[in-house]
There are 2 protein chains.
Amino acid sequence: MEQPGEIKKVSMAVIKRLPKYYQHLGNLLRDNVERVSSQELSKILGFTASQIRQDLNNFGEFGQQGYGYNVSQLYTEISKILGLNTSHKMVIIGAGNLGQALAKYTGFGIYGFDIIAIFDTNPNLVGREIRDIPIYPVEDMEYFINENDVDIAVLTIPKDKTKKIVKAISKTCIRGIWNFTPVEIKINENIIVENVHLIDSLFTLSYHINEGMLQERLLKQKRKIFPSP
Amino acid sequence: MEQPGEIKKVSMAVIKRLPKYYQHLGNLLRDNVERVSSQELSKILGFTASQIRQDLNNFGEFGQQGYGYNVSQLYTEISKILGLNTSHKMVIIGAGNLGQALAKYTGFGIYGFDIIAIFDTNPNLVGREIRDIPIYPVEDMEYFINENDVDIAVLTIPKDKTKKIVKAISKTCIRGIWNFTPVEIKINENIIVENVHLIDSLFTLSYHINEGMLQERLLKQKRKIFPSP
DNA sequence: ATATTTATGTTAAAAGAATAACAAGCGTGG
DNA sequence: CCACGCTTGTTATTCTTTTAACATAAATAT
């Protein structure tokens, strides 16, 4: 029984679809499309119209019967839901290959995610800059984060250093960790962890490539148990 | 009614858990642990023991009553399921920041994923090498892939070039695409696409960081509809 | 102004996934 | 060598997510 004023938890499946809504509404907006129906969105996104309406109704009533959704308004609403109406300060921890690549990439800034510092232990890197972003010694990390109200820490460090860094971070005002290390991070629940486990992703791809052969193998196995007449 | 010899489709949720099983079994193996029960795995992995048994039984009967699972055997079985018992040839398409970072990273090779070439249009990059991996002109891509029986193409190109590259790739013997571009790739069903949509991941993180504030806003909204007495 | 079409929000049904329960079989200790 | 405890594979149940259905309201056409 749902109490008035009670918030029902939004499922992870819904949350994972929100970025898609946001991005495609952005495309429509750029194409000066004024209105869109759940059915039209359905065709572009590949979700059912019903699902789209259900998803959106987790957050409010944004549409109008007989009209559909106002693209601009819905775009704004979803940007608020995703927290993209305010900008975010990020720091990259670990100036290795991946850390540097993420620092060089300008695509996050477009959405208000500003990388304001990089931290590393390597004295050859400390003092240098990447795209005007300074590389500081990791000792200064905690002070810097608190002083500059940093929201997000991007972890691109070797796995054996992760535990120590996470412990240090957990004492700061950081709100979220974007974790590129293969380590499963356990931390207090006020800090959100979003994992990018590349090797898992690659394994999943490998599974699907292998799937055909696998099924043949399983079939043979089952035929032994149920011999054909 | 399930026919003998018929394969029931394995759900995506199960597949996404397989890499976790694989990695933690690898850890146990390195620690010379001989046997493990679903309950013990449950504690490490955070899935229920029941779920682990269900998951594994999608692929065969690997355990033994009263004993559990033989770590080494189960590890091998899962590596076969994931297709990690054979090595894979990869090429990186796009030698930008991310492409170069992935090329420099040696962690994929450990699992038999060998990057054997990089392709780019930039004449300043073509001819150079990254970790002994040569950078070739993108014109040679199709020929090279077919000639060298490349399995996986890693896409790290700007989004506006994606469609053209995908079209070219689709005519080759490539089996899977590891897609780091934000583009939704439509291709014939023989080629598997695994997406790493970084911006989606970042948005999801932002959502969770924003969640607290969001709920307050929704509460206020609902209070208007259901005014408290 | 009115009827018809369109498309929402919401409720109901179906499908799918996670958890729990349990019978059957193996290992271990006496 | 036997009995007890452990742990699986599997079936049953519960919970979640997706899809379908529909009553209602706005927009459009006549």
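Chain identifiers are assigned alphabetically (A, B, ...) following the order of the sequence lines, protein sequences preceding nucleic acid strands; residue numbering begins at 1 within each chain. All values reported here derive from a predicted model rather than from experimental measurement.
Remark: the B/Thr172 side chain and the B/Glu142 side chain contain no N/O donor-acceptor pair separated by less than 3.5 Å.
Taking atom CD of B/Gln64 as the reference point, atom C1' of D/dT8 lies 9 Å away to the nearest angstrom. As a whole-Å value, the separation of B/Asp55 CG from D/dT10 C1' is 14 Å. Between the CD1 atom of A/Ile52 and the C1' atom of C/dG9 there is a distance of 14 Å, rounded to whole Å. The separation between A/Gln39 atom CD and C/dT6 atom C1' is 10 Å, rounded to whole Å. Separating the CG atom of A/Leu41 from the C1' atom of C/dA7 is a distance of 12 Å, rounded to the nearest angstrom. The separation between B/Met12 atom CE and C/dA15 atom C1' is 17 Å, rounded to whole Å. As rounded to whole Å, 13 Å separates atom C1' of C/dT8 from atom CD of A/Gln73. Rounded to whole angstrom, the span from the CD1 atom of B/Ile15 across to the C1' atom of C/dG16 amounts to 14 Å.
Judged by the 6.0 Å distance and 45° axis criteria, A/Arg35 is not positioned over the aromatic ring of A/Tyr69.
Residue B/Arg17 has no polar side-chain atom (N or O) positioned under 4.0 Å from OP1 or OP2 of C/dA17. Contact between the side-chain N/O atoms of B/Thr48 and the OP1/OP2 oxygens of C/dT19 is found at a separation under 4.0 Å. Remark: B/Asn57 is not in phosphate contact with D/dT8, judged by side-chain N or O atoms under 4.0 Å from OP1 or OP2. The phosphate of C/dC22 has neither OP1 nor OP2 within less than 4.0 Å of any side-chain N or O from B/Arg53. OP1 or OP2 of D/dT28 has at least one side-chain nitrogen or oxygen of A/Arg35 nearer than 4.0 Å. Phosphate contact (OP1/OP2 of C/dA24, side-chain N/O of B/Gln65, threshold under 4.0 Å): absent. Contact annotation: B/Gln51 reaches the phosphate of C/dA18 (side-chain N/O to OP1 or OP2, under 4.0 Å).
The residue among A/Tyr67 and A/Ser11 whose nearest nucleotide of DNA chain D lies closer to the 5′ end is A/Ser11. Checking B/Gly66 against A/Ser37, the closest nucleotide of DNA chain C that is more toward the 5' end is the one next to A/Ser37.
Residue-environment remark: CD (A/Gln73) exceeds the threshold of 12 foreign heavy atoms within 6.0 Å.
The nucleotide whose nearest atom lies closest to any side-chain atom of A/Tyr69 is, among C/dG25, C/dG9, C/dA17, C/dG9. Closest to the B/Gln54 side chain, of the nucleotides D/dT11, D/dC22, D/dT18, is D/dT11. Picking from C/dG27, D/dT10, D/dT8 the nucleotide with the shortest atom distance to the side chain of B/Ser38 gives D/dT8. When distances are taken from the side chain of A/Glu61 to each of C/dT10, D/dT8, C/dA7, the shortest belongs to C/dT10.
Looking at heavy-atom distances under 4.0 Å, A/Ser50 makes contact with a base.
Ring centroid separation for the pair B/Tyr21 and B/Tyr75 does not come in under the 6.0 Å cut-off.
The residue from A/Thr162, A/Val154, A/Thr156, A/Ile169 that alone fulfils the side-chain contact (heavy atoms from CB on, under 4.5 Å) condition with A/Ile93 is A/Ile169. When each of B/Leu18, B/Ile192, B/Ile78 is paired with A/Tyr207, the side-chain contact (heavy atoms from CB on, under 4.5 Å) condition holds for B/Leu18 and for no other.
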